[in-house]
Amino acid sequence: MKNVGLIGYGRAGKAVARVLNADDAISLKWVAHRNNENLVYTESYPVLTIRSTSDFEILFNNHPVDYVIDFSSPDNIMLYGRAAAAAGIHILSANSNHHEAQLAFARSLADQIVVMCSPNITVGINFLMIAAKALQKIAPHVDIAVLEEHFKEKKDISGTAKKLAHELNVGDVTSLRLGGIVGHHQVVFGFPYQTVRFIHDSISREAFGTGAIYALSLMAKQPPGMYEFANLMRQEVMSNLLDVS
């Protein structure tokens, strides 16, 4: 049983909370967010308003957990990171677009705890990234394009698309904002006389919850350090491919 605290209670956070709460191997002890609301109890876990580092220190001391899963905003790791490391709480940050200073701060915590920062925590998109990089190695001179589609309110290019473009050395990302799309990512390989497409669609935000649970299972096998979801998943994929007859 993994004792877990969740930071962030927006649309993604609420979906993740539902998945965590339904999993028999997870005990969701609390949810923390920064909205101006009083303490609210659901069937099994409290939702707490947290605004400062001292609030997190009190929370971690009074309600200890093994892991923190962060679906809030990239800057929040600066508020709770040191307090989590001091308490021996491992960190899974699933926020898009961490900037370099935040990643450097996360790496500074990794001497004490396991830290994972991933712009997309779904299993499917990380498998897509592994497969796309493998195909690029086979055909290094092929034309490649990265496309992403999201809901209208999302203004920036997704962190996942930026990660795909960076890993595949693609320049521009094509973006569309349409209706209520949760998340669509596509990598297109243009060969002479044929086209290969890797496509991932997030049908609902609950996919982030199942991905987070899988990420925790990978983190549980690691010593303190800074890890990427895709790299740990790649090791799992390769070990399983060796078993395929």
A.B. asks: Surrounding CZ of F105 (heavy atoms of other residues, nucleotides or ligands, distance under 6.0 Å), is the total greater than 12?
C.D. replies: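 Enclosed: over 12 neighbouring heavy atoms sit under 6.0 Å from CZ of F105.
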A.B. asks: Please check: side-chain N/O of S118 versus main-chain N/O of N120, any donor-acceptor pairing under 3.5 Å?
C.D. replies: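 Yes, S118 side chain to N120 backbone: donor-acceptor pair under 3.5 Å.
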A.B. asks: Does a donor on one side chain and an acceptor on the other come within less than 3.5 Å for R18 and N21?
C.D. replies: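 Absent: no donor and acceptor within the cut-off.
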A.B. asks: Indicate yes or no: at least one non-hydrogen side-chain atom of M219 is less than 4.5 angstrom from one of L216.
C.D. replies: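 M219 reaches L216 side chain to side chain.
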A.B. asks: What is the distance from atom CG of N231 to atom CG of L218, rounded to the nearest 0.5 Å?
C.D. replies: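 Taking CG in N231 and CG in L218, the distance rounds to 11.0 Å.
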A.B. asks: Taking only Lys NZ, Arg NE, NH1 and NH2, and the carboxylate oxygens of Asp or Glu, determine whether K14 and E206 approach each other closer than 4.0 Å.
C.D. replies: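 No, this pair does not count.
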A.B. asks: Could you see if I130 belongs to whatever hydrophobic cluster contains Y227? Use Ile, Leu, Val, Met, Phe, Trp, Tyr and a side-chain cutoff under 4.5 Å.
C.D. replies: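 As far as the 4.5 Å side-chain criterion goes, Y227 and I130 are connected within one cluster.
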A.B. asks: Checking E153 now: which residues fulfil side-chain hydrogen bond (donor to acceptor under 3.5 Å, both in side chains) with it, not counting sequence neighbours?
C.D. replies: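 With neighbours one apart ignored, the set is empty.
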A.B. asks: Quick check for you: to the nearest 0.5 Å, what is the distance between T160 atom OG1 and H200 atom NE2?
C.D. replies: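 NE2 of H200 is found 9.0 Å from OG1 of T160.
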A.B. asks: Please report the shortest heavy-atom distance between I121 and M116, naming the atom on each side.
C.D. replies: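 Minimum heavy-atom separation between I121 and M116: CD1-SD, 4.3 Å.
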A.B. asks: Above 12 or not: heavy atoms from other molecules or residues under 6.0 Å from CG of N62?
C.D. replies: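 Check passes, neighbour count above 12.
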A.B. asks: Can you see which heavy atom on F189 is nearest to which on A132, and at what distance?
C.D. replies: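 What the structure gives for the nearest pair is CZ-O, 3.5 Å.
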A.B. asks: Between F56 and I7, is there a side-chain heavy-atom distance shorter than 4.5 Å?
C.D. replies: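 Heavy-atom side-chain distance check passes, below 4.5 Å.
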A.B. asks: Find the distance between CD1 (I58) and OG1 (T53) and round it off to the nearest 0.5 Å.
C.D. replies: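 The OG1 atom of T53 is 11.0 Å from CD1 of I58, to the nearest 0.5 Å.
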A.B. asks: Answer yes or no: is there a side-chain heavy-atom contact under 4.5 Å between L232 and K221?
C.D. replies: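 Result no, sub-4.5 Å side-chain heavy-atom pair not found.
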A.B. asks: Using 30° and 60° as the class boundaries, would you call the ring planes of F208 and F71 parallel, tilted or perpendicular?
C.D. replies: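 Correct class here is tilted.
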A.B. asks: Would you indicate whether I203, at its atom CD1, is surrounded by more than 12 heavy atoms from other residues, nucleotides or ligands within a distance under 6.0 Å?
C.D. replies: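 Counting other residues, nucleotides and ligands, CD1 of I203 stays at 12 neighbours or fewer.
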A.B. asks: Using 30° and 60° as the class boundaries, would you call the ring planes of Y67 and H90 parallel, tilted or perpendicular?
C.D. replies: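 The arrangement is tilted - the two ring planes meet at 30° to 60°.
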A.B. asks: Do M238 and M233 share a hydrophobic cluster (ILVMFWY, side-chain heavy atoms under 4.5 Å, transitive)?
C.D. replies: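 Yes, same cluster.
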A.B. asks: Are the side chain of N126 and the backbone N or O of T122 linked by a donor-acceptor pair below 3.5 Å?
C.D. replies: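 Judged by distance alone, yes, a pair lies under 3.5 Å.
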A.B. asks: Counting C-beta onward and ignoring hydrogens, is there a side-chain heavy-atom pair between V170 and L164 closer than 4.5 Å?
C.D. replies: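 No - every pair of side-chain heavy atoms lies 4.5 Å or more apart.
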A.B. asks: Evaluate the side-chain proximity of Y214 to E236: yes if any heavy-atom separation is below 4.5 Å, no if none is.
C.D. replies: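 Yes; the side chains approach each other to less than 4.5 Å.
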A.B. asks: Do V182 and R205 pass the side-chain contact (heavy atoms from CB on, under 4.5 Å) test, and can you show the C-alpha distance, the side-chain angles, and the key distance before you say yes or no?
C.D. replies: CA-CA 7 Å; V182 174; R205 290 176 177 84; 4.1 Å; yes
A.B. asks: Going from CG on D66 to CG on N3, what distance comes out if it is rounded to the nearest 0.5 angstrom?
C.D. replies: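 With rounding to 0.5 Å, CG (D66) is 4.5 Å from CG (N3).
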A.B. asks: Checking W30 side chain against H63 main chain: does a donor-acceptor pair fall under 3.5 Å?
C.D. replies: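 Yes, W30 side chain to H63 backbone: donor-acceptor pair under 3.5 Å.
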A.B. asks: Using a 4.5 Å cut-off on heavy atoms from C-beta on, say whether the side chain of V187 contacts that of I144.
C.D. replies: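 A side-chain contact exists here, since the closest heavy-atom pair is under 4.5 Å.
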A.B. asks: Begin with the C-alpha distance, continue with both residues' side-chain angles, and end with the deciding distance and a verdict on side-chain contact (heavy atoms from CB on, under 4.5 Å) for S52 and E57.
C.D. replies: CA-CA 9 Å; S52 67; E57 290 172 347; over 6 Å; no
A.B. asks: Can you measure from CG (L79) to OG (S54) and round to the nearest 0.5 angstrom?
C.D. replies: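 It is 9.5 Å, given to the nearest 0.5 Å.
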A.B. asks: Taking it one step at a time, do Y45 and L20 satisfy side-chain contact (heavy atoms from CB on, under 4.5 Å)?
C.D. replies: CA-CA 11 Å; Y45 58 85; L20 295 175; over 6 Å; no
A.B. asks: Check I77 against A106 and note the closest heavy-atom contact, atom names and distance.
C.D. replies: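 That would be CD1-CB, 4.0 Å.
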A.B. asks: Do the side chains of V188 and I199 join up, straight or via other hydrophobic residues, at under 4.5 Å, putting them in one cluster?
C.D. replies: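 No, it is not one cluster - the side chains of V188 and I199 are not joined through contacts under 4.5 Å.
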A.B. asks: Which pair of non-hydrogen atoms, one from P74 and one from H98, has the smallest distance, and what is that distance?
C.D. replies: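 Minimum heavy-atom contact is O-CE1, 3.3 Å.
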A.B. asks: Which heavy atom of L168 sits nearest to which heavy atom of Q136, and what is that distance?
C.D. replies: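 L168 and Q136 have their closest heavy atoms at O-NE2, 2.8 Å.
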A.B. asks: Answer yes or no: is there an ion pair linking K154 with E148, defined by an N-O contact shorter than 4.0 Å?
C.D. replies: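 No salt bridge links K154 with E148.
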A.B. asks: At what distance, to the nearest 0.5 angstrom, does CG of L178 lie from CD1 of I181?
C.D. replies: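 Atom-to-atom, L178:CG and I181:CD1 are 4.5 Å apart.
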A.B. asks: With a 4.5 Å cut-off on side-chain heavy atoms, are Q102 and N95 touching?
C.D. replies: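 When only atoms from C-beta onward are counted, Q102 and N95 do not touch, as no gap falls below 4.5 Å.
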A.B. asks: Give a yes-or-no answer on whether the side chains of S158 and H150 include a donor-acceptor pair shorter than 3.5 Å.
C.D. replies: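 Side-chain D/A pair, S158 to H150: absent.
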A.B. asks: Should V196 and L147 be regarded as members of a common hydrophobic cluster, given that ILVMFWY residues are connected when their side-chain heavy atoms come within less than 4.5 Å of each other, either directly or indirectly?
C.D. replies: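 In one cluster: no.
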A.B. asks: Given side chains that start at C-beta, do those of I89 and Y80 come closer than 4.5 Å, heavy atoms only?
C.D. replies: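 Answer no - side chains too far apart.
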A.B. asks: Kindly determine whether L28 and S44 satisfy side-chain contact (heavy atoms from CB on, under 4.5 Å), including the steps that lead there.
C.D. replies: CA-CA 8 Å; L28 181 57; S44 57; over 6 Å; no
A.B. asks: Looking at every heavy atom in both S175 and I157, which two are closest together, and how far apart are they?
C.D. replies: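 In this case the closest contact between S175 and I157 is OG-CG1, 3.6 Å.
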A.B. asks: Same cluster or not: I125 versus L135, using hydrophobic residues (I, L, V, M, F, W, Y) connected whenever any side-chain heavy atoms lie under 4.5 Å apart?
C.D. replies: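 Yes, I125 and L135 fall within the same hydrophobic cluster.
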A.B. asks: State which residue, out of D55, T49, N76, fulfils the side chain to side chain donor-acceptor pair (under 3.5 Å) condition with R34.
C.D. replies: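 That would be N76; it is the only one of D55, T49, N76 passing the side chain to side chain donor-acceptor pair (under 3.5 Å) with R34.
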